[in-house]
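This one's a predicted model, so the numbers in the text were calculated from it and none came from an experiment. Atoms within a ligand are numbered from 1 in the order they appear, just like the ligands themselves.
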Amino acid sequence: MDNKSLVTIAEYSKEKILYMLEMAKQFEKDPNRKILEGKVVATLFFEPSTRTRLSFETAANRLGARVIGFSDPKATSSSKGETLKDTIMMVSNYADVIVMRHHLEGAARYASEVAPVPIVNAGDGANQHPSQTMLDLYSIYKTQKTLENLNIYLVGDLKYGRTVHSLLMAMRHFNPTFHFIAPEELKMPEEYKIYCKENHINYVEHTDFNEDIIADADILYMTRVQRERFTDMMEYERVKNIYILKNKMLEQTRPNLRILHPLPRVNEIAYDVDDNPKAYYFQQALNGVYARQAILCDVLGIALQDIM
Ligand code: CP
């Protein structure tokens, strides 16, 4: 189907990213605008979520849309064997846009091919999380005043972490230097390293995580080791607490450093970091409302000039 779905961040050009960030900025100035009155937004969450679902629903509510959906697929007819295609076709009868999270990589792409309404990928397995990337970019832009030439350190589960996969693809336009900090078991997959080479993205790999390694960071992007993606629980136990950011580690870091995390956190950021002015993860989650207001408007055909 030819619609304005957002399935992967790779679909966004540099111009489109900057345009969407400007839209998010306008919504941050005034989030309560009834420009989606009469529209219905469906949120279909086949996997658990707190921030993504609630911030999309907040975004829709603040724009005057109505929200339908589910957060527990066990309470839907998919538990009786209804296919994803049939679910999508049904919900397309009721809603103007579908925001969907699914455990299968490629589920959002498939949904976008069968749905007559736009699909917004709210995370598909270990693959992509493009709306998270837009709020990450907005957070980086707000804190660094630029997206260009930054040192971005990705820490933790780089194998299964869809947020880091999406972020590195989006940053290809802005000449970053990435530092991938992960244990052997959770290294950045080869396909993303090839992507970096093809797109002239500099990267360095590390297995150590300490004060010296992060001294030049502009952005420290911490991630959770995702228990739900492991088939071998022994392997999960071996790596789950491998990197823990402690406040003391931040003493010699750059003044402009900001710590991001898509959340939820488990153990990877000690609670004493929360009060450090370099911690930005809770504001980052708030930025998700504005970034997602921009996405909902864009897929429903509302342009920047319509909200200025
Ligand atoms: N960042 C993120 O996707 O959080 P949730 O799983 O709570 O939606």
Side-chain angles (χ1 to χ4, degrees), residues 6-9 20 24 41-62 67 69-74 97-108 111 119-143 152 154-171 186 219-230 236 240 245 258-269 273-274 279-296:
L6 174 55
V7 172
T8 162
I9 202 71
M20 295 297 285
V41 176
T43 55
L44 311 188
F45 277 69
F46 292 88
E47 268 196 336
S49 167
T50 297
R51 278 146 293 275
T52 310
R53 185 172 67 83
L54 295 181
S55 61
F56 262 117
E57 294 186 358
T58 302
N61 279 305
R62 290 198 183 281
V67 178
F70 57 80
S71 56
D72 179 4
K74 289 201 288 299
V97 52
I98 296 174
V99 178
M100 185 180 85
R101 171 171 289 186
H102 203 282
H103 53 276
L104 287 180
E105 294 183 24
I119 299 289
V120 178
N121 182 4
D124 61 328
N127 187 31
Q128 287 276 310
H129 196 347
S131 68
Q132 176 74 42
T133 302
M134 288 313 299
L135 77 90
D136 291 343
L137 293 176
Y138 188 51
S139 300
I140 295 169
Y141 188 74
K142 272 176 71 177
T143 60
I152 301 181
L154 306 177
V155 184
D157 181 354
L158 307 189
K159 180 178 179 184
Y160 299 113
R162 57 194 173 201
T163 64
V164 295
H165 300 159
S166 289
L167 183 59
L168 85 78
M169 291 173 98
M171 287 303 296
L186 297 175
I219 293 292
L220 187 56
Y221 194 100
M222 302 296 296
T223 65
R224 172 177 70 98
V225 176
Q226 301 177 79
R227 187 177 189 278
E228 65 273 25
R229 309 265 178 242
F230 283 76
Y236 171 71
K240 68 177 186 185
L245 178 65
R258 290 297 176 273
I259 301 149
L260 304 187
H261 191 314
L263 303 177
R265 85 172 131 182
V266 183
N267 279 333
E268 57 281 357
I269 301 180
V273 177
D274 292 359
Y280 193 74
Y281 26 94
F282 295 124
Q283 296 97 316
Q284 179 189 359
L286 171 61
N287 290 336
V289 173
Y290 316 126
R292 287 171 173 136
Q293 286 184 297
I295 291 169
L296 288 177

Worksheet item: Do any N or O atoms from the side chain of Arg101 and from the backbone of Gly123 form a donor-acceptor pair under 3.5 angstrom?
Response: no
Discussion item. When you measure from the side chain of Arg258 to the backbone of Ile140, do you find a donor-acceptor pair of N or O atoms at a distance under 3.5 Å?
Written reply: no
Response to the item:
Heavy-atom closest pair (Ala279 atom, Asp274 atom, distance to 0.1 Å) is CB-O, 3.9 Å
Discussion item. Any nitrogen or oxygen of Arg53 lying under 3.5 Å from a nitrogen or oxygen in ligand 1? Just yes or no.
Written reply: no
Using a strict cut-off of 4.0 Å, indicate which atoms of ligand 1 neighbour a heavy atom of [X].
{"X": "Leu263", "value": "1 (N), 2 (C), 4 (O)"}
{"X": "Thr50", "value": "5 (P), 7 (O), 8 (O)"}
{"X": "Pro262", "value": "1 (N), 2 (C)"}
{"X": "Gln132", "value": "1 (N), 2 (C)"}

Worksheet item: Taking non-hydrogen atoms only, is Thr163 closer than 4.0 angstrom to ligand 1 via side chain, backbone, both or neither?
Response: neither
Worksheet, complete the sentence: Exactly one of Lys240, His261, Arg224 clears side-chain hydrogen bond (donor to acceptor under 3.5 Å, both in side chains) with Glu268, and that residue is His261
Discussion item. Counting only heavy atoms, tell me which of Arg51, Arg101, Glu47 gets closest to atom 6 (O) of ligand 1.
Written reply: Arg101
Fill in: Residues which pass salt bridge (charged side-chain N to carboxylate O under 4.0 Å, His left out) with Lys159, listed by chain and number, not counting sequence neighbours
none
Worksheet item: From Glu57 CD over to Leu296 CG, what is the distance, rounded to the nearest 0.5 angstrom?
Response: 10.5 Å
